[in-house]
Enquirer: 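Take a look at this one; I'll ask things after.
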Amino acid sequence: MTYQQAGYIAVAKRIFGWIIFVPSLLSTFVSVINLVAGQHGVKGDGVKGDGIGGGGVNAVLNDFLQMMTEMIKFNTPFLDFFWKHSPTPERVAGITGENISFFVIYMLMFVGLAMSASGLRMYRQFKFIKERIEDQMVFEHAQESGITKEQLKAKIAFPSHSLFSQIFILYISPIIIGTIAYFLFKFLGW
């Protein structure tokens, strides 16, 4: 790829990365809120309890989660599309359409981050080379050798920056965040 193409591709990767990341993040956020407070709630006997007063805690927690969810929905009307269409995963890990959709959207979040990071790295190299060309032009002008800026740009070849080379963001981060979420849900009894 040429010097000019590298600049355009770097900016395009950053933009597309954010276009993928932001909706995926919002959808994942909405899905988790629906999982926690929606139809699933907190395990337990609810208000019935055992007569000693321990069962009412789950009912109060369920009511609190329902109220918080409704308050978040009410205060975020701009996320209405996500509230209606984001998949709510099942608590029991299984292969269902909702779970697969949630997992795909969750992974798209990291693909978007990796693409944006790849574009940022490429853009940094582009800026560095651009500055070096400017420095070289000043130096060449001082020596008056006659090489032009366009000739210098034509000599430059950029290496490719694949989004799959973003190892931490694309491969390790989803596992770490998923493991933390799993243990958090286990701890909370979901």
Side-chain angles (χ1 to χ4, degrees), residues 8-48 55-123 161-190:
Y8 296 135
I9 290 173
V11 171
K13 277 186 172 184
R14 299 271 335 257
I15 291 170
F16 287 132
W18 282 104
I19 288 173
I20 293 170
F21 172 73
V22 171
S24 301
L25 176 69
L26 292 174
S27 181
T28 301
F29 178 70
V30 167
S31 295
V32 169
I33 288 176
N34 284 334
L35 172 68
V36 170
Q39 67 246 7
H40 300 294
V42 178
K43 288 183 184 176
D45 295 332
V47 178
K48 295 177 189 171
V57 173
N58 288 336
V60 170
L61 186 55
N62 276 333
D63 288 344
F64 175 74
L65 290 175
Q66 282 293 83
M67 181 191 67
M68 290 303 291
T69 301
E70 291 303 318
M71 189 171 70
I72 291 170
K73 283 182 184 179
F74 180 76
N75 288 319
T76 56
F78 55 91
L79 296 178
D80 201 33
F81 175 81
F82 294 105
W83 288 112
K84 291 179 183 174
H85 300 291
S86 292
T88 303
E90 299 294 323
R91 199 179 327 161
V92 178
I95 300 177
T96 64
E98 295 285 316
N99 286 353
I100 291 171
S101 298
F102 173 77
F103 182 72
V104 167
I105 291 171
Y106 173 73
M107 290 306 295
L108 278 175
M109 198 169 56
F110 296 100
V111 168
L113 279 176
M115 185 177 288
S116 180
S118 173
L120 179 62
R121 182 168 182 204
M122 185 181 248
Y123 187 73
H161 293 282
S162 170
L163 76 109
F164 297 110
S165 66
Q166 307 295 325
I167 293 172
F168 183 77
I169 294 174
L170 192 58
Y171 303 112
I172 297 172
S173 293
I175 295 170
I176 292 171
I177 293 174
T179 304
I180 290 170
Y182 173 77
F183 284 116
L184 181 65
F185 285 145
K186 275 294 201 193
F187 177 73
L188 294 174
W190 290 322

Enquirer: Rounded to the nearest 0.5 Å, what's the gap from CE on M109 to OG on S173? Could you check?
Expert: 9.0 Å
Enquirer: Taking only residues two or more places apart in sequence or in another chain, which ones pass side chain to side chain contact (heavy atoms under 4.5 Å, CB included) with I175?
Expert: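 For I175, the residues satisfying side chain to side chain contact (heavy atoms under 4.5 Å, CB included) (neighbours in sequence not counted) are T179.
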Enquirer: Considering all heavy atoms of both residues, which atom of S86 and which atom of S27 are nearest to each other, and what is their separation?
Expert: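 Closest approach of S86 to S27: OG-OG, 3.0 Å.
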Enquirer: Does any N or O in the side chain of E98 come within less than 3.5 Å of the main-chain N or O of P87, such that one atom is a donor and the other an acceptor?
Expert: no
Enquirer: Indicate every side-chain donor-acceptor pair of residues 77-84 with a distance under 3.5 Å to a residue at least two apart or in another chain.
Expert:
unit_1, atom_1, unit_2, atom_2, d
D80, OD2, K84, NZ, 3.3
W83, NE1, T76, OG1, 3.1

Enquirer: For the residue pair F102 and L35, establish whether any side-chain heavy-atom pair is separated by less than 4.5 Å.
Expert: no
Enquirer: Atom CG of N34 and atom CD1 of I72: how far apart are they, to the nearest 0.5 Å?
Expert: 10.0 Å
Enquirer: In Å, rounded to the nearest 0.5 Å, how long is the span from CG of L26 to OG of S31?
Expert: 10.5 Å
Enquirer: Work out which heavy atom in G119 is nearest to a heavy atom in K13; give both atom names and the distance.
Expert: CA-CB, 3.7 Å
Enquirer: Taking Y106 for its side chain and G178 for its backbone only, find out whether a donor-acceptor pair lies under 3.5 Å.
Expert: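 Yes, because the side chain of Y106 sits within donor-acceptor range (under 3.5 Å) of the backbone of G178.
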Enquirer: Name the atoms and distances for all side-chain donor-acceptor pairs under 3.5 Å in residues 15-25, with sequence neighbours left out.
Expert:
unit_1, atom_1, unit_2, atom_2, d
W18, NE1, S116, OG, 3.1
S24, OG, I20, O, 2.7

Enquirer: Do K73 and T69 make a side-chain contact, defined as non-hydrogen atoms from C-beta onward lying under 4.5 Å apart?
Expert: yes
